[in-house]
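Worksheet: one structure, shown below.
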Amino acid sequence: MFSTQNNLIVMKKEKIPYFLKKNKKFKKYSDNFYLTELLGKDSKLISKFYKSAPFPNYQELETLSDLNLKLKENLVLKNLKDSIGFKKKILEVGSGTSQLSIMLAYQTNNQVVAMDATFESLKLGYSFAEKNNLNNCDFLRADIFDDPINESVFDIIWCNGVLHHTKDPEKAFEIISNWLKPGGIIIIGLYNKFGRVRTNIRQIIYKLMGPTLGKTFLNFFDPYLRKEISQEKINAWINDQYSNPIESSHTFDELMTWFKNNNISFLRSIPSADLSNINYSNVLDKRPTGNYFTRLIAQVNMIFSSYGSEGGLFIMFGKKN
Ligand SMILES: C[S@@+](CC[C@H](N)C(=O)[O-])C[C@H]1O[C@@H](n2cnc3c(N)ncnc32)[C@H](O)[C@@H]1O
């Protein structure tokens with residue numbers, strides 16, 4: 001029925017899931033959880049790093065309705081889910097503990113794939129999905145740079161907080177945008193060069209103080225840690241934000257260039273590239289790109305707003321031509 005090569009199972013053609021490249025070596029952890037081999041030294045490093053503190057992790061006793069409530073409170077995600085509709089193929093790249101994938105699958109007939117390099121993070125999402133009988137979300141442990149997915153498969157690709165933890169974010173973007181169908185939507189979240197300044201200052205102080213005193217310092221000065229969150233989520237946040245072995249920051253214009261080079265049209269950014277108020281309805285509609293100066297001001301403003309206090313992430317939506 002199958003042959004084994006280097007401990008991985010090559011399934012017969014009909015057993016290969018629709019999204020995986022033919023002849024890609026993989027083994028199954030369960031019916032909808034596939035593991036490919038991690039070959040790259042950076043993906044091994046990053047998966048070892050997140051293994052001890054899977055990100056973003058779950059709250060104690062969290063349920064599907066808790067997650068659904070959180071999604072509804074987040075206007076971007078709520079409108080994204082409403083705009084996606086039904087019968088779509090959705091990929092979350094670097095899904096971590098996969099809450100978003102689970103929410104995009106919940107109460108829909110969409111087929112979602114949660115992909116990440118860290119088995120332990122996916123395992124938490126997989127167990128949560130299994131416990132809640134959610135069966136339209138597949139899990140894939142894989143490295144982006146291994147390029148394991150077929151071209152033009154997905155209607156939506158969401159990749160938030162991931163590419164800046166790779167050694168070559170531009171190359172990683174090029175690879176994942178190939179997995180998108182023409183007319184498909186890609187949404188990328190990256191640390192911003194300006195917006196992350198407050199975190200960068202805290203990183204320096206944390207490193208100077210060392211982990212024990214540094215954690216006390218962070219409890220006072222990192223606004224995210226003042227929220228009511230589980231100890232697992234606290235550990236995951238401190239690990240991710242202050243000790244990450246691979247991290248870079250980017251600008252709006254840089255990501256817009258990546259879009260252009262990969263045949264993706266700009267749809268909108270959050271915060272807005274033209275400084276307009278964000279209209280959360282019709283989140284997939286095209287908005288103005290602004291100009292170099294409006295984009296610069298939007299990014300500098302991030303420092304002084306909630307974007308800057310929570311890690312300095314910006315999001316950009318694009319559509320494949
Ligand atoms: C900060 S977490 C983001 C998790 C989730 N997207 C979120 O927003 O909460 C970054 C994730 O990217 C994954 N990652 C980093 N490099 C990767 C690669 N080359 N291939 C696949 N996943 C990768 C890590 O395993 C980690 O779970």
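Every number for a ligand or one of its atoms is a count from 1 in the order of the listing. Computed over heavy atoms, backbone and side chain alike; hydrogens, waters and symmetry mates excluded. Along the sequence shown, residues are numbered consecutively beginning with 1.
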Task: Glu62/Lys233 salt bridge by N-O under 4.0 Å criterion - done: no
Task: Which residue and heavy atom of the protein sit nearest atom 22 (N) of ligand 1, plus the separation - done: Ala117 N, 3.2 Å
TODO: Distance to 0.1 Å, residue and atom name: give those for the protein heavy atom nearest to atom 14 (N) of ligand 1.
DONE: Val162 CG1, 3.9 Å
Task: Asp143-ligand 1 polar pair, N/O distance under 3.5 Å - done: yes
Task: For atom 20 (N) of ligand 1, the protein heavy atom that lies nearest, with its residue and separation - done: Ile144 N, 3.1 Å
TODO: Considering heavy atoms of the protein only, find what lies nearest to atom 10 (C) of ligand 1 and give residue, atom and distance to 0.1 Å.
DONE: Gly161 O, 3.4 Å
Open item on the list: When you measure from the centre of the six-membered ring of Tyr191, is the NZ or CZ of Arg196 closer than 6.0 Å and no more than 45° off the axis?
Closed with: yes
Open item on the list: Would Pro56 count as a contact residue for ligand 1, given that I'm defining contact as a non-hydrogen atom of the residue lying under 4.0 Å from a ligand atom?
Closed with: yes
Open item on the list: Strictly below 4.0 Å, N to O, side chains only: are Asp146 and Lys24 in salt-bridge contact?
Closed with: yes
TODO: Supply the atom-to-atom distance Cys137 SG to Tyr126 OH, rounded to the nearest 0.5 angstrom.
DONE: 11.5 Å
Task: Close N or O approach (Ser43, ligand 1; < 3.5 Å) - done: no
Open item on the list: Tell me the protein heavy atom at minimum distance from atom 2 (S) of ligand 1, and give that distance in Å.
Closed with: Phe55 CD2, 3.6 Å
Task: Lys/Arg-Asp/Glu bridge criterion (N-O < 4.0 Å) met for Lys70, Asp66 - done: no
TODO: May I ask you to identify the nearest protein heavy atom to atom 24 (C) of ligand 1, giving residue, atom name and distance to one decimal place in Å?
DONE: Asp116 OD1, 3.4 Å
Task: Nearest-contact summary for atom 5 (C) of ligand 1 - protein heavy atom, Å - done: Gly94 O, 3.3 Å
TODO: I would like to know whether Asp116 and Tyr50 meet side chain to side chain donor-acceptor pair (under 3.5 Å); could you show each step before the answer?
DONE: CA-CA 11 Å; Asp116 200 281; Tyr50 282 105; over 6 Å; no
Task: Closest approach of any protein heavy atom to atom 1 (C) of ligand 1, naming residue and atom - done: Asp240 OD1, 3.2 Å
Open item on the list: I'd like to check Phe26 versus Pro17 (side-chain heavy atoms, cut-off strictly below 4.5 Å). Are they in contact?
Closed with: yes
Open item on the list: Under a 4.0 Å threshold between the charged nitrogen and the carboxylate oxygen, would Asp274 count as salt-bridged to Arg287?
Closed with: no
TODO: Would you please determine whether Ala142 falls within less than 4.0 Å of ligand 1 on a heavy-atom basis?
DONE: yes
